[in-house]
Student: 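My structure is below; once you've seen it, I'll send some questions.
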Amino acid sequence: MTSTARIPDHLDDDPLETVTLTVNGSQRTVAVPTHRTLLDGLRDEVGLPGTKSCCAEGECGACTVLLDGRAVNSCLVLCVEAEGHEVTTVEGLSADGLTDLQEEFLNAGAVQCGFCIPGQVVSAEYLLRTNPDPDEAQIREALSGNLCRCAGYQRIVRAVQATAARRSER
Amino acid sequence: MTTAPERAIEQRDALGEPSDPYPQGQVGRPVLRYGGGDRTSGAQRFVADLRFPGSLQVALVTVPVGCADVLGIDATAARAVPGVVDVVTAADLPSPMPRFGVSHTDRPVLADGRVNYHGEPVAAVVAETLDAAQVAARAVRVDFRELPGVYTLDDALAPGAHRVQDPSLRPGHALADSNVLEEAHYTWGDVEAEEARTEVVVEETYTFPMVTHFPIEPGGTVAVPTDAGGLDVYSPVQHPYLLQRTLASVLGLPLNQVRVFAPDPGGGFGGKQNPKLEPLLAFLALRTRRTCRLVLSLEETFQSMRRAGCRIAARTGFAADGALTFHSVDADFLIGAYADVAPRVMGKGSYVAAGPYRIPGVRIDARAVMTNTTPSTAFRGFGSPQVSWALESQLDAGARRLGLDGLEVRRRNLVAKGEAFVRGESAAAADGEWHQSLEKAAELIGWGTPLPPGRGRGIAVGIKPGATSGLSQSLVRLLADGSAIVYAGTSDMGQGARTLWQQIVADELGAPLDQVSVVSGDTGTVPFDLQTSASRSTVFMGSAVLEACKDVRQRVLALYAESTGVPPEQLEERPGVLVTPDGELGLPEAARVALGSLRGEFMGQGTRRLRGKGKHPLGGDAAFYEFNATAIEVEVDRETGELLLTRHVTVSDVGTELNPLQVVSQDEGAAIMGLGHSQMEQLLLDEHGRIRNLGALDYRIPTFKDVPVELVSAAVENHDGPGPYGSKGISEGALLCTAGALGAAVADAAGVVIRDLPLTPERVWAAIQAAEAAEQDAGSAEGPARHHPHRSPVTEE
Ligand code: FES
Ligand code: FES
């Protein structure tokens with residue numbers, strides 16, 4: 001038998017495309033092969049490694065970013081597809097220091113190894129922007145695409161609830 | 001003045017009873033995670049986030065079967081891919097092939113003519129870009145002949161089975177010509193004689209699946225050649241000093257030429273303890289004289305780490321009052337193609353196969369059986385969850401036969417503090433008030449209170465031996481302005497070790513919490529630490545840090561005496577203070593006075609060493625035991641087999657909670673991980689030994705929607721651990737007996753007993769169907785079967 005390695009079907013002669021997008025409020029232009037994902041583009045070309053890669057197939061949520069304000073798995077979006085769009089990463093959320101949500105993650109003891117946390121924070125922020133007063137079932141539903149292997153999840157639920165309460169007081 | 005902790009401990013000693021040891025210090029408070037801000041803002045740098053300009057990228061070449069002879073490798077096309085720098089095969093490495101390993105030196109740097117598990121690399125491509133490396137890896141032609149590999153226990157143990165390991169790797173070993181790598185035998189009392197006074201004998205076989213760690217950070221390695229001919233290696237490894245030693249030994253370099261940087265692992269759970277691909281990266285870097293970088297995919301991580309599966313045949317006797325009389329166990333651990341630390345998982349797991357119980361007659365025979373699968377390694381709980389699943393299920397089976405409930409049968413058999421639960425030459429006795437955890441779990445689940453139909457409860461207990469030898473060394477610097485730096489080699493993989501060191505130093509040196517920083521993850525600057533494993537760090541490194549603080553205080557005292565002329569015997573150091581004839585001085589102030597105008601600093605060192613015992617089968621007595629009681633309330637959907645966990649209670653015996661927030665986080669995380677292997681996780685192989693559910697799409701771990709409606713984590717604190725302030729390790733307890741508690745709850749709710757994990761909806765549904773069919777057959781003479789979902793007679797599958 002003859003075999004070759006199990007490797008994704010990337011094309012070696014993929015042309016470089018120039019992509020202009022807005023990342024955390026500033027315009028960025030990068031040159032990437034067409035098969036590169038937005039996740040790769042953000043981490044490797046834009047230089048923002050806060051967004052994490054785990055499964056690379058849309059199952060774990062570690063790579064979650066806001067694309068035109070909506071939470072997406074950046075591993076499932078091609079970088080070229082983001083041309084002309086607006087991306088917010090975890091770094092963008094915390095540009096002026098930790099947000100109330102990030103503080104509540106810490107207060108609740110929701111952060112262990114931290115690898116899933118940028119994705120959790122972005123997903124939770126999206127939830128709170130679209131539903132400022134979610135109940136527990138809605139929180140679990142909204143975050144069900146974000147895996148955490150360290151924690152029991154309920155501290156993250158509490159962090160989101162505490163943030164919602166804080167924001168409603170403002 | 002003494003610090004609050006010390007005062008409280010003195011008071012407690014005087015009263016002879018437990019008390020809260022820390023009314024005011026930082027220790028004992030829910031101090032927020034050290035480095036937590038960076039972990040929420042995205043600023044934390046994991047290994048894949050580090051940038052190495054000009055580095056080469058590595059891709060691995062594998063064959064699509066679990067067992068094969070490699071006949072030839074043709075890299076011509078691969079080398080022609082633009083950007084490819086090198087294609088390395090076994091022929092390019094030293095001969096004989098360098099091997100490494102924790103318990104056996106059996107793992108080759110690259111497959112050496114024989115592929116022993118699916119995913120084992122046969123070649124590595126090094127290229128200027130990742131695309132080039134991956135394209136070239138696909139272009140490498142590997143000619144191979146598939147061999148009849150062994151992928152299950154039955155395959156591996158069959159007469160004439162393919163031998164996973166070349167017998168020459170174990171010269172003279174009695175088992176060399178078999179797939180049994182090692183055995184363990186424990187026995188005490190007289191099993192046959194005990195059977196005479198036995199009322200009920202339960203004899204059953206249980207299985208525990210292979211599961212994978214699935215850290216959310218897949219991990220990777222970067223190897224950087226140094227000008228001096230050595231290497232800097234970056235790896236999110238739990239044991240940087242073991243990696244350093246392994247690399248030095250396969251490369252023939254002195255330790256000081258190998259510097260391991262260990263960025264915090266993004267989850268470890270045991271899977272990132274031992275070297276795997278790092279030696280390969282080291283050879284690649286030395287060969288190319290360039291920085292070589294490999295970031296693993298999640299699929300490659302699945303192919304690098306897993307828990308040993310297990311099959312346990314158990315025969316257990318009970319007297320009429322429910323007292324255990326004997327327990328006989330044959331436990332086969334399904335380990336992988338290389339030993340890693342699997343023999344120890346088998347030996348340490350089977351050591352506690354009779355659990356924390358008073359059993360007069362015990363026989364335990366366990367084997368570590370090699371197969372052509374991913375090398376199994378340490379995984380939270382080590383071998384304990386496997387043996388606990390069988391034992392706890394046996395206890396419930398016996399209790400049902402005797403008309404006892406799950407709580408009562410455990411009450412009657414659980415040992416008291418100081419009482420032996422392992423007898424014979426290598427005896428072990430309970431080092432905690434374990435009954436308190438059992439009772440607390442029962443109370444928190446509402447044991448004995450009525451339940452609606454379709455719901456049931458189960459309760460179980462588990463133990464795990466902690467470290468049996470260890471060495472942690474620490475350095476603490478008290479700087480001239482009263483701030484401090486701790487050097488401690490524990491890997492902070494999410495358990496929050498650094499937070500504890502910060503708390504301890506703040507209390508012991510009187511420094512503000514935010515002026516204590518911690519340095520770890522660099523063998524070049526941080527003193528030796530044997531391992532971050534077995535929940536040892538609080539006890540071992542915590543004690544070393546504590547001792548280093550004491551050393552600092554003694555140095556402050558000595559220099560203060562010299563600088564001020566006060567005779568040293570008129571001075572006394574205590575946590576946070578120096579007591580002088582004129583009264584107490586805060587330690588930072590005393591240090592300032594002592595250092596004078598030249599300033600400078602104090603350096604203290606601390607060591608905690610636990611020597612093993614040569615003759616002990618575990619290599620020594622465990623420094624402590626982790627004990628946990630778990631109780632689960634479940635609702636079973638009889639139509640779909642789905643389980644809804646309405647309440648999950650875990651109670652761990654923690655000694656002293658140095659940081660209650662971190663204790664509860666660890667405990668909850670372990671509980672949910674336990675639900676993973678109890679309810680949904682299992683690696684499935686095809687007939688070629690390939691993992692069928694390779695990756696996150698097909699291998700499910702618990703999500704936000706899978707966890708119990710209510711998860712309650714509680715602790716028993718008696719300040720009776722060997723660690724600082726009476727602490728014990730706590731990170732594994734809550735998954736030791738999850739499966740047993742869930743299995744018992746399902747039996748209570750649905751009347752079916754299942755002995756194979758995980759308890760998937762399909763399995764539960766099938767068991768319910770079978771039970772209903774059996775009931776109908778039995779009842780057909782008397783008309784239609786009556787259906788009592790909750791209290792139907794339990795059917796033993
Ligand atoms: S990395 Fe994108 S969802 Fe897992
Ligand atoms: S905190 Fe480690 S994976 Fe979520």
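Note that the coordinates shown come from a computational prediction; the quantities given were computed from them, not determined experimentally. Note on naming: letters A, B, ... go to the chains in the order of the sequence lines (proteins, then strands), and numbering restarts at 1 for each one.
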Student: Go through the atoms of A:Leu98 and report whether side chain, backbone, both or neither lie under 4.5 Å from a heavy atom of chain B.
Tutor: side chain

Student: State, with a plain yes or no, whether a side-chain heavy atom of A:Pro33 is found less than 4.5 Å away from one of B:Asp131.
Tutor: yes

Student: Top residue by heavy-atom pair count (under 4.5 Å) with chain B, among A:Asn107, A:Asn146, A:Leu93?
Tutor: A:Asn107

Student: Does the side chain of B:Arg39 reach to within under 4.5 Å of the side chain of A:Gln112, using non-hydrogen atoms?
Tutor: no

Student: Exactly one of A:Gln102, A:Glu103, A:Glu104 should register a side chain to side chain contact (heavy atoms under 4.5 Å, CB included) with B:Thr40. Which one does?
Tutor: A:Gln102

Student: Is any side-chain N of the basic residue among B:Arg51 and A:Asp44 closer than 4.0 Å to the acidic one's carboxylate O?
Tutor: yes

Student: Counting heavy-atom pairs under 4.5 Å with chain B, which one of A:Ala56, A:Gly50, A:Ala95, A:Gly109 comes out on top?
Tutor: A:Gly109

Student: Do B:Arg33 side-chain atoms and A:Leu106 backbone N/O form a donor-acceptor pair below 3.5 Å?
Tutor: no

Student: Measuring heavy-atom distances to chain A, does B:Ala43 have an atom under 4.5 Å in its side chain, in its backbone, in both, or in neither?
Tutor: neither

Student: How close do A:Arg155 and B:Ser665 get, heavy atom to heavy atom, and via which atoms?
Tutor: CD-OG, 3.8 Å

Student: What part of A:Ala151 gets within 4.5 angstrom of chain B, counting heavy atoms only: side chain, backbone, both, or neither?
Tutor: backbone

Student: Please examine the side chains of A:Glu136 and B:Val709, heavy atoms only from C-beta on, and report whether any two atoms are closer than 4.5 Å.
Tutor: no

Student: With a 4.5 angstrom heavy-atom cut-off, is it the side chain or the backbone of B:Asp49 that approaches chain A, or both, or neither?
Tutor: both

Student: Find the distance between CG (B:Leu298) and CD (A:Glu57) and round it off to the nearest 0.5 Å.
Tutor: 7.5 Å

Student: In terms of heavy-atom pairs under 4.5 Å with chain A, which of B:Gly72, B:Gly36, B:Ser41 leads?
Tutor: B:Ser41

Student: Please look at B:Gln666 and chain A and tell me whether the side chain, the backbone, both or neither of the residue comes under 4.5 angstrom of a heavy atom of that chain.
Tutor: both

Student: Is A:Cys150 in contact with chain B via its backbone, its side chain, both, or neither, using a 4.5 Å heavy-atom distance?
Tutor: both

Student: Checking an interface table here. Which of residues 115-124 of chain A come within a heavy-atom distance under 4.5 Å of chain B?
Tutor: A:Phe115, A:Cys116, A:Ile117, A:Pro118, A:Gln120, A:Val121

Student: Counting heavy-atom pairs under 4.5 Å with chain A, which one of B:Val707, B:Leu50, B:Leu675 comes out on top?
Tutor: B:Val707

Student: Any idea which of B:Ala671, B:Gly37, B:Ala68, B:Gly695 has the most non-hydrogen atom pairs under 4.5 angstrom with chain A?
Tutor: B:Gly37

Student: Only counting residues at least two apart or in another chain, list the ones meeting side-chain contact (heavy atoms from CB on, under 4.5 Å) with B:Ser713.
Tutor: B:Thr650, B:Val664, B:Asp667, B:Glu668

Student: With a 4.5 angstrom heavy-atom cut-off, is it the side chain or the backbone of B:Leu32 that approaches chain A, or both, or neither?
Tutor: side chain

Student: For the residue pair A:Cys113 and B:Glu217, establish whether any side-chain heavy-atom pair is separated by less than 4.5 Å.
Tutor: no

Student: Could you tell me which portion of A:Ala108 (side chain, backbone, both or neither) has an atom closer than 4.5 angstrom to a non-hydrogen atom of chain B?
Tutor: backbone

Student: Would you say A:Arg149's side chain and B:Ile701's backbone share a donor-acceptor pair under 3.5 angstrom?
Tutor: no

Student: Nearest 0.5 Å, what's the CG-OG distance between B:Asp706 and A:Ser144?
Tutor: 9.0 Å

Student: Which bit of A:Ser53 comes within less than 4.5 Å of chain B, counting heavy atoms only: side chain, backbone, both or neither?
Tutor: backbone

Student: Do A:Arg140 side-chain atoms and B:Lys705 backbone N/O form a donor-acceptor pair below 3.5 Å?
Tutor: no

Student: For B:Leu711, which atoms come within 4.5 Å of any heavy atom of chain A: side chain, backbone, both, or neither?
Tutor: both

Student: I need the minimum non-hydrogen distance between B:Glu299 and A:Cys55, along with the two atoms involved.
Tutor: OE2-O, 4.4 Å

Student: With heavy-atom distances below 4.5 Å as the criterion, would you say the side chains of B:Phe214 and A:Cys54 are in contact?
Tutor: yes

Student: Checking A:Tyr153 side chain against B:Pro702 main chain: does a donor-acceptor pair fall under 3.5 Å?
Tutor: yes

Student: Could you tell me which of B:Arg380, B:Gln662, B:His213, B:Gln495 has the largest number of non-hydrogen atom pairs under 4.5 Å with chain A?
Tutor: B:His213

Student: Can you see whether A:Gln154 engages B:Glu710 through a side-chain donor-acceptor pair at a distance of less than 3.5 angstrom?
Tutor: no

Student: Among A:Thr99, A:Val157, A:Thr51, A:Val90, which residue has the highest count of heavy-atom pairs closer than 4.5 Å to chain B?
Tutor: A:Val90

